[in-house]
Every structure is written in structure tokens, then in C-alpha cells.
Protein chains: 2
Amino acid sequence: MQMPKPRITDVAQVAGVSTATVSRALTQPDRLSEKTRQRVFDAIRTTGYRVNRAARNLRTQRAGAVLVLVPNLGNPFFSLILSSINDVFAANGYSVLVFDSQQPSAPDQVVSDYLFNGSADGVITLDGHMSATMGETLKNADLLRNVVFCCEWSDKLLLPSIRSDNPLGARLAVDHLVALGHRKIAHVTGPSDNILARVRRSVFEDRCAHHGLSIAPDWIIPGDFTLSCGARAAERLIALADRPTAVFCASDEIALSLISRAQQAGLRVPEDLSVVGFDDIEIAGHVSPALTTIRQDRALLGRMAAEELLGRLQSDPSPHAVPISFAPVELITRSTTAPPPGR
Amino acid sequence: MQMPKPRITDVAQVAGVSTATVSRALTQPDRLSEKTRQRVFDAIRTTGYRVNRAARNLRTQRAGAVLVLVPNLGNPFFSLILSSINDVFAANGYSVLVFDSQQPSAPDQVVSDYLFNGSADGVITLDGHMSATMGETLKNADLLRNVVFCCEWSDKLLLPSIRSDNPLGARLAVDHLVALGHRKIAHVTGPSDNILARVRRSVFEDRCAHHGLSIAPDWIIPGDFTLSCGARAAERLIALADRPTAVFCASDEIALSLISRAQQAGLRVPEDLSVVGFDDIEIAGHVSPALTTIRQDRALLGRMAAEELLGRLQSDPSPHAVPISFAPVELITRSTTAPPPGR
DNA sequence: GTTTGAAATGTAATCGATTACACAGTGCGG
DNA sequence: CCGCACTGTGTAATCGATTACATTTCAAAC
């Protein structure tokens, strides 16, 4: 009852041609005469033939797949990026492999595994943790040009990188609060080993200094981008004797849960406390009060990264340029920011 | 400067054994003597050898990868499931391919592509849309046993399915509202072609009937699980002459944006309007008021589905059982539900 | 010291495509 | 009518592993 899968020779037989011709019909149809091309396609249809991917990959030494390394797949910030990466590659005949880099195995390990054993032709990593030694290893195998960073990146390893203009984002946030009249601004950071968290924090500090604002040590609250750290930050903020009138949060999730906890403690947002987030995740506009935040164009980030990698996979010559592209960010003013109390 | 990738023959040469022995060292190490096994592993280390996946796949007729079909990758509800699926397969040496089934190509098409051309050994689909004819096609190739549904499922196609106990969830929601004293309950549905939406709606109706509540046609508001439809639903609700005192929403995202819009219109939640969601996405507990909802254990769903598929891929005999497993759901009572006004 | 069976290893066929190279057919200019 | 360039197609080598089958090694039993 169960037919064996048709192979290329079966198609060739049915069409009355050689396997080479069938193969050419599939990969370079214009090299065949109209007549045989039709015959082959008919035969493919009647046999129900599908190219065996493993055989093709072995012969052509390509995988037809790319790996996306995602730190925390459960985070909605990443999943939209993944989605647009998927769109680009699907449209170009590539499969997309995902790997959650929070897994025990280090990102380094995963990237080299997939690249070296030929499971993937290239890698987009949303995780900036990659060591310089891994870079060396990849370079020696001439695989370095098949890796691009998206969103995060590493200072230790120069690779093409698509990222939001984080400095601008942080500046917009601070300037917005200052323009409203705030002089005491707090900051909830991301994880200290995260490049985005470091950039946002350092620009926050610089920009405060630029405006002549001093920052009490208590006002910089270490966090990790998550909801739960936002709630904790709110508690610390509330307990402060000299309480800031505004907070710049390193992520929307921090901001949202911080607001929620602050409200539960009787603080009004934005009347008593202004809050600015970062990312503009979808829900930010659908809570009340709606979150003022810095928009990152996640779909664009994913698309740009995918197209950069695609270009590298398809262009044979090895252009040794290492482009860094900045996706625009934008201040989205909603309802969680207002002038400080008593103005 | 650039060494060619070492192949199995290179390892064999270095170790002074045949390729068969090297291969066995990799796949069935206990069939080798301690001494040669060590020699082979040493040689692997010194050469930096990695198994070529395409070659292995071609020879063994397996892909070592599974496909996860996700309707809307950007939706955080799915991405956490994806994450736990990824964990299970990563731990068992499988790669995970993802595909967003919102892509132009129909789910059917994608599944058959990946399975037939040997890109994937199995499929977990979070998308319940699959035709009976596709089922036939797969059955004919004996590939049907390598597909499992997770979360969603199809009535037209009997396949192993891991799902939350949706009827219980809807019942818990309605009963909770009724217990608080509500007699006029609205429902915002998911897309009408979605199996989950249909089940939740029909249980909602049944359960209201069971409690002797009548439902005005206006009180069933068609939605699509998204944030924006929640806002629209709020507007319709507010405009109603005979307004319900409670709403059961088919998803948390609907509930959250509905609440937000209702609050903007001056309605108090839960005093004027009680709201119950469905899913218990992470943010549900981190907004104010915190959302009362039906918890689905997404990590468990993903894990169960992954383990079911894994079992099927690893067990040769074809057990023709088609298990349907229900993951438990739970009412999480938070702060968006209260007795109706005037009680 | 054989015999014998199990354990360890080797030889070579095989998976299913792609593609270098060879060859046949066709049309054109001289 | 021949040679030449070009187009279209076929033959067979090849990608890099796995594994059926053959062969060697070895220890225990006689």
C-alpha cells in the first residue's frame, strides 16, 4: 500500500531523459528546450517527486538553512524579530533553525556546532555574548563572514551588526523627561553583562550630566529587563527618602511592572512619577495609562539582519567590510510622562 | 592559510583505523575496545573533526530536525511554548526549525514540504488548520504518525494532540463570575475559524444556559485574540444600552486592552465591569489591576508535545493509538473581578 | 595445540542528488 | 560540402558518512 519515495531516476525514467536533465530542469530550467522541460515537469507531477534535501545538501555543500540564536525565546521582544527574519528567509527558500541561547550550552558552542557540521549556512545572533576566540576559530574556517549580530553585539568581536540607535534612544528619553521639568531621574538597568544595558545606562549618565543633573547612587537600580525586576525596582524607589520624580527603564517590561507596583502602593503615574520605557512592545500602547517609550522597529531590525546575511550567503566574493547599521528609534509620547509634581 | 574541513577518512588515518571504526566510535562507542576508542577520540580532537550532517542524514535517511509550525511567531503566547519545545529537542540532539504559518503558503503545504523532502523528521503544529486531504497524503507516506498538534487541533483530522482543558477553563471563568453574582456576562471571542475560539465560546454559552442566564446577541463580540480587537470590543460594550457587568475574554491580550480602553472611557475595573482573560501570559500579573484569568501551562504544553513527538520518532513500532492529552488549567483570581455594581 | 565462538575491525556498497566532461545535433559562413 | 560554434542532453564521478558482510583476533575449552 505504501509506495517508496520517488527518486530522481524515477522521474528521469518516466520523462524518458537522464537524471542530469531532471536535475537541470529543477535548478536551471532555461538551459533546457521547451519540450523536454515540459516533459520533465509533467513527470515530476505524475510521480510526486520531491528533491531529497540531504542528498542535495551533501552534493552542493550547502544547508539551505540559517540559525537564529535567541536569548530567551519566551520574550515577546525577540519573537517579533524572529518572525520577520523568518519571513525573509522563507521567501528565499531557506529554512530557519532556532536555538534558545539560555540553554546550558554557550552561544559560542552552538554557533560553531551548526556552522561546522553544515547544519546551517549562516547565523543571526540576537545574543551579544560571543568570545573573541570563537571569532578566531570561525575566521580560520572562513565562516566568520556568515555570522551577523542583530540588536545586541559584542565589542570583543567585530562582526556585521544591525542594531537600534540605542544612544539616541536613551538621549531622547532623558531629554524628554528633562524638558518636562524633571531634575531627579532614576534608571532601572538591564543585566550588567548586557551590551544594550551598558550603553543605555552610560548614555543616561552622560545625558544627565550634560543637563547638569546629579544622580544619587540609589537612583540607578540594577535590573535584568524582566517584569519581576520592575516590581522590585518600584519597591526600592518607593522606599527612598529622596525620591526621583521620573524613571527611565531599560525595557518596557520593567516599566510596565514598575508602574503597576507603584500604583498599588498609591503612587499616581504620571502625576507623582513619570515613567519612560524602551522597546515599544505591542502591549505598551494598550495599558492604561499608555506607556511613553522609545520605539525600536523590531520588524525592520529582523528584516535588515536577514537581508544582510542573505546577501553574504549569496555573494561569492568576500567583501571584507563589516557594516554596522543603525535602525531608527523614536520617542513615543503617551501618558506615563508629565511634569513633576509641584510645577 | 585555510585548511579544508577534516573528513572521517582523515580521522581514520590519524588514528590508524578504518572509517568504519571511526563511525562506530561516534554512534556505538561500546562496540569498540577501550584502546581504539581512545585512539579515535584523540584523533577526532587533534583533527577538529565534526560529522557532516548532510552526509549522515543522507545515509541514515533521517533529518535530526523537527519543524514547529507557529501561527504568528510575534505572539508571546506561542513563543514560550516554542521555547520549551526547543529545550526538549535540544537536549535530545535534534534541531528545531520554525515556520510562521501566517506566511502566504498554507500550513498543509509547509508540513508536507518539510516532511517529504526530508528536512524534518516530524512536525509539531500549534496551528489547527490542516485539511483532511493532507492527512490522507501523509498517511499514504506513513508520515502521519510524525505529526502532533499542540494547543490547537483539527476536528477533521485525528492526530495526537496536546491541549489545555479548554472546556474546563471556560467553565471556571463563567462559574467564577456567576459566583460573584453576575447575571449579564459578555464574551469576546477569538477568530471564528479557530478551534479554541469555538470551544471557548460554545462552553461559555452552555454554561450560561446551565446557570439560567440569557445572553443578548450583542454580548457576544467577535474578536481575533489580538490587542486591537480588545479595544474595539470595549467600545462596543460601552455603547450598549443594556450593558453587561462582566466580560469573559478569549485571550489575555483581548482582556488587557479591553480594560485599558474601558478605563479610558471612565469605567472602573472591577467595580463597574469585571473582566476574566484566558492564557495567563506573563504580563497578566504585572498590570494594575492585575488580571483574573485562566492559566494555561505553556511550558508544560510545549514539553508534552515535544516528548510525544520524540517518543514517536524513536519508537519503531507504529502504535496506532492517537492520544489526546489535556494539560490542566486553573483559575487565577486577581483583581479584575468583583461582585457586580449595586450588590 | 587445535578448535570454536564471540568480539573487534576492515572492505566496499550505498544513500540521492549535482555537475564536469563528453558527445550529438543544428544552423551558418565560406 | 565542410568546419565551427553553440545548444541540448547523457555518462559517470562525486559529496561524506553508515553499515552489511567479510575477515581477523583472541580467549576459553578441549
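Below, read A as the first sequence line, B as the second, and so on, with proteins coming before strands; counting in each chain starts at 1. Just so you know, these numbers use all the heavy atoms, side chains as well, and skip hydrogens, waters and symmetry mates. It should be emphasised that the depicted structure is a prediction, and the values quoted were computed from it without experimental measurement.
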Ignoring backbone atoms, test whether [X] places a side-chain nitrogen or oxygen under 4.0 Å from the OP1 or OP2 oxygen of [N].
X	N	value
A:Ser18	D:dT11	no
A:Arg31	D:dG8	no
B:Thr19	C:dG10	no
A:Ser33	D:dT9	yes
B:Thr9	D:dG16	no
A:Thr36	D:dG8	no
A:Tyr49	C:dA17	yes
B:Gln61	C:dG16	yes

Which part of the nucleic acid, if any, lies within reach of [X] when heavy atoms closer than 4.0 Å are counted: base, sugar-phosphate only, or nothing?
X	value
A:Ser23	base
B:Thr21	sugar-phosphate
A:Val22	nothing

May I ask you to decide if [Y]'s main-chain N or O and [X]'s side chain share a donor-acceptor pair within less than 3.5 Å?
X	Y	result
A:Thr60	A:Arg56	yes
A:Ser95	A:Ala65	no
A:Ser23	A:Thr19	no

Closest approach to the side chain of B:Thr60, judged atom by atom: which nucleotide of D:dT19, C:dT18, D:dT11 is it?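 Within the option list, the nearest is D:dT19.
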Consider only side-chain N and O atoms of A:Thr125 and A:Asp127, and report whether a donor and an acceptor are under 3.5 Å apart.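 Distance-only check fails for A:Thr125 and A:Asp127.
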Could you tell me how far apart [X] ([atom1]) and [N] ([atom2]) are, to the nearest whole angstrom?
X	N	atom1	atom2	answer
B:Arg50	D:dA17	CZ	P	12 Å
A:Arg7	C:dT18	CZ	C1'	16 Å
A:Asn57	D:dA17	CG	C1'	14 Å
A:Gln28	C:dT18	CD	C1'	9 Å
B:Leu58	D:dT14	CG	P	17 Å
B:Asn52	D:dT18	CG	C1'	12 Å
B:Ile8	C:dG10	CD1	P	12 Å
A:Arg53	D:dC15	CZ	C1'	17 Å

What's the shortest heavy-atom distance between B:Ala132 and B:Lys156, and which atoms?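 So the minimum-distance heavy-atom pair works out to CB-O, 3.8 Å.
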For A:Leu69, which of A:Tyr114, A:Phe149, A:Phe99 qualifies under side chain to side chain contact (heavy atoms under 4.5 Å, CB included)?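 With A:Leu69 as partner, side chain to side chain contact (heavy atoms under 4.5 Å, CB included) holds for just one option, A:Phe99.
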For B:Arg56 and for A:Gly16, find the nucleotide of DNA chain D with the closest heavy atom, then tell me which residue's nucleotide is more 5'.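 Whichever sits nearer the 5' end wins; that is A:Gly16.
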Hey, which of these two, B:Arg24 or B:Arg59, hits DNA chain C nearer its 5' end, going by closest nucleotide?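 With B:Arg24 and B:Arg59 compared, the 5'-side residue is B:Arg24.
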